[in-house]
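For clarity, every value in this text was computed on a predicted model and none was experimentally measured.
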Amino acid sequence: MTSHHQTLALVLFIGFVAVTLGITTWVSRRRQGSAEEFYAGGRLFSPMENGFAIAGDYMSAASFLGVAGLMALFGYDGLLYSVGFLVAWLVVLFLVAELVRNCGRFTLADVVAARMSERPVRIATGTSSVTVSVMYLVAQMVGAGSLVALLLGRSSGAAQAWTVIGVGALMVIYVSLGGMRATTWIQIVKAVLLLGGTIVLTVLVMVRFHGDFDQLLVTAAERSGHGNAFLAPGLKYGGNWTERLDFISLGLALVMGTAGLPHILSRFYTVPTARAARRSVVWSIGLIGGFYLMTIVLGFGAAAVVGPEALRASNAAGNTAVPLLALDLGGGASSTGGTVLFAVVAAVAFATILAVVAGITLASSASVAHDLYASLRRSATTPRSEVAVARVAAVGIGIVAIALGLLARDLNVAFLVGLAFAVAASANLPVLLYSLFWRGFTTRGAVWSVYGGLLPAVALVLLSPVVSGSPGSLFPGVDFQYFPLQNPGIVSIPLGFLAGWLGTVTSDEVADESKFAETEVRSLTGAGAV
């Protein structure tokens with residue numbers, strides 16, 4: 001990259017950081033001592049505002065950088081990520097959004113604990129939520145490292161390490177000072193920037209191919225080196241039965257995982273009513289649907305315009321496909337247009353990472369304070385002490401995410417998000433659905449459901465090719481790979497549902513019919529909702 005790229009992109013980076021820090025400072029002047037203000041922004045956001053914020057939360061570095069990179073390298077098989085991320089919103093709309101808004105206050109544990117013994121349920125769901133959030137944060141950190149390494153023209157570990165540390169420090173500032181209100185406005189600004197940048201790139205790609213999408217696909221297939229196989233299933237996941245099972249496992253994780261993501265569920269509490277929550281999801285589906293359709297053009301456009309060889313030379317996992325595509329579409333590395341477009345896209349991608357990590361950090365710190373701290377502390381806690389603990393937790397979570405992000409910096413960010421989705425679908429979704437729809441569900445069933453999905457999912461990831469036993473793993477020099485699939489969803493998701501059922505049928509506890517009836521009425525009508 002030329003010095004012009006570096007200077008302009010860094011100016012844009014600094015500009016966005018200055019704006020977001022300004023928002024955070026402005027919001028921090030408001031009273032942040034109440035839990036409702038810190039966790040839910042006072043529940044004052046409109047459906048449209050919250051819809052943009054949800055879209056901003058969901059359209060992460062995995063979507064903008066990782067998905068396009070996978071499509072550019074593996075063609076049709078990379079489409080699974082776009083399709084899975086989009087279809088998952090139907091599950092959220094029909095099964096989760098309105099019911100969660102009616103039954104909870106700030107976290108997933110509020111929904112489950114309404115019918116159960118609070119302490120064990122909150123500890124279990126709080127642990128699960130923090131685990132999922134940290135895994136999701138790692139993907140964003142990896143994306144930040146790849147992006148700035150490309151910008152600075154340095155692939156050294158030191159450059160990526162300082163980038164990851166800087167992103168971690170900013171996310172702690174956003175959350176600890178501004179809470180949900182600042183985080184929401186940062187996500188709205190980011191969503192507008194990301195959608196605007198994606199529209200511009202999509203139009204430029206289609207102009208390059210004179211509006212002929214067929215010609216775009218044919219050119220991408222020719223440059224890929226795989227011919228027509230690039231446009232057919234199986235290039236990444238069709239070599240053998242293990243890879244095909246991995247394909248199914250990934251699909252299950254993507255479609256079912258969204259409804260269990262803590263930072264997505266927490267967004268439903270920022271609107272005043274359940275109807276507003278439902279309308280928020282409708283807004284977000286429109287925005288997210290349009291975005292993922294455009295990523296298809298960007299992914300195949302990167303393959304056709306830049307070429308897989310150049311993409312792999314820049315980043316083996318394909319994480320820099322979109323910035324390189326922007327550089328070429330603008331006229332190349334030596335042109336003013338290329339410099340400007342590259343810098344804008346890089347700045348938008350960086351803004352994407354900052355906004356998403358702020359939302360995830362807030363959700364995980366809320367779980368630590370509202371669920372774990374409040375449950376483990378014997379004496380009564382106050383909202384002010386909870387908020388103080390949440391701010392401290394944001395620092396601790398940021399440190400853990402930075403450390404893991406440095407470790408996983410050579411993996412594709414979309415792939416890493418797929419692992420987080422698998423854990424969310426295994427540990428959080430079963431207990432959520434059982435609590436909302438099963439009359440006989442008990443406390444033991446809830447605890448077993450969470451741990452029965454969480455522990456196998458994490459264990460299978462540790463024993464998979466992701467961690468050891470292959471050249472692209474986290475620890476390529478050792479081999480303790482005993483599970484052949486890269487994504488554990490096909491095994492761990494059924495185990496989460498099975499554990500919840502088994503814990504309930506073997507429990508001596510009799511489910512409280514009146515509490516279920518109260519939860520059912522509240523979830524369907526909103527009567528008594530906070």
Side-chain angles (χ1 to χ4, degrees), residues 91 94-132 256-257 259-262 265-266 268-269 366-368 370-378 423-459 489 491-530:
V91 179
F94 290 118
L95 291 179
V96 172
E98 184 175 356
L99 306 183
V100 166
R101 174 61 187 85
N102 284 338
C103 292
R105 290 186 67 218
F106 305 125
T107 64
L108 167 67
D110 290 332
V111 180
V112 182
R115 293 179 51 196
M116 315 293 175
S117 298
E118 283 207 30
R119 193 165 187 266
V121 168
R122 285 192 180 278
I123 291 172
T125 52
T127 302
S128 172
S129 295
V130 172
T131 303
V132 172
M256 301 177 71
L261 292 175
L265 294 176
S266 66
F268 299 131
Y269 300 125
S367 292
V368 171
H370 187 62
D371 299 328
L372 297 178
Y373 170 75
S375 297
L376 294 173
R377 188 176 171 84
R378 297 291 184 182
V423 178
S426 304
N428 292 346
L429 184 62
V431 71
L432 182 60
L433 295 182
Y434 278 149
S435 298
L436 291 173
F437 300 111
W438 187 7
R439 184 181 301 273
F441 197 43
T442 64
T443 300
R444 177 190 283 184
V447 173
W448 283 25
S449 180
V450 174
Y451 291 128
L454 176 64
L455 297 178
V458 173
V491 175
S492 58
I493 295 172
L495 284 178
F497 282 99
L498 178 62
W501 172 82
L502 188 62
T504 297
V505 298
T506 59
S507 174
D508 295 330
E509 177 188 354
V510 178
D512 191 325
E513 293 280 338
S514 63
K515 283 189 176 181
F516 175 78
E518 180 183 340
T519 299
E520 187 176 37
V521 170
R522 179 172 169 176
S523 67
L524 295 175
T525 67
V530 178

Check your understanding: Which heavy atom in Thr504 sits nearest to a heavy atom in Gly440, and how many Å separate them?
Key -> CG2-O, 3.1 Å
Study note, to complete from the structure: Minimal heavy-atom distance between Leu261 and Ala424, with the atoms involved, is CD2-CB, 3.9 Å
Revision key, fill the gap. In short, Ala499 meets Gly452 closest at the heavy-atom pair CB-CA, 3.8 Å
Practice item. Return the orientation label for the Phe441 and Tyr434 ring planes: parallel under 30°, perpendicular over 60°, tilted otherwise. Key: tilted
Check your understanding: Shortest non-hydrogen contact from Asn428 to Ser128?
Key -> OD1-OG, 2.6 Å
Point to revise | Separation of Ser449 OG from Leu432 CG (nearest 0.5 Å) | key: 10.0 Å
Exercise for review: Answer yes or no: is there a side-chain heavy-atom contact under 4.5 Å between Val491 and Pro456?
Suggested key: no
Practice item. Mark yes or no for whether Arg444, through its side chain, and Glu509, through its backbone, hold a donor-acceptor pair below 3.5 Å. Key: no
Review point. Does Thr131 use its side chain to pair, donor to acceptor, with the backbone of Thr127 at less than 3.5 Å?
Key: yes
**Study point:** From Leu495 atom CG to Leu454 atom CG, the distance as rounded to the nearest 0.5 Å
**Key:** 12.0 Å
Check your understanding: Which distance, rounded to the nearest 0.5 Å, do you find between the OH of Tyr451 and the OG of Ser426?
Key -> 15.5 Å
Practice item. Any chance you could measure Thr125, atom OG1, to Met116, atom CE, to the nearest 0.5 Å? Key: 11.0 Å
Point to revise | Note, Arg122 side chain near Val112 side chain (heavy atom, < 4.5 Å) | key: no
Check your understanding: Is the side chain of Ser367 donor-acceptor paired with the backbone N or O of Ser129 at a distance under 3.5 Å, no angle test?
Key -> no
Revision key, fill the gap. Here the gap from Leu502 atom CG to Ser507 atom OG, rounded to the nearest 0.5 Å, amounts to 11.0 Å
**Study point:** Atom pair CH2/OG1 of Trp501 and Thr506 - distance to nearest 0.5 Å
**Key:** 9.0 Å
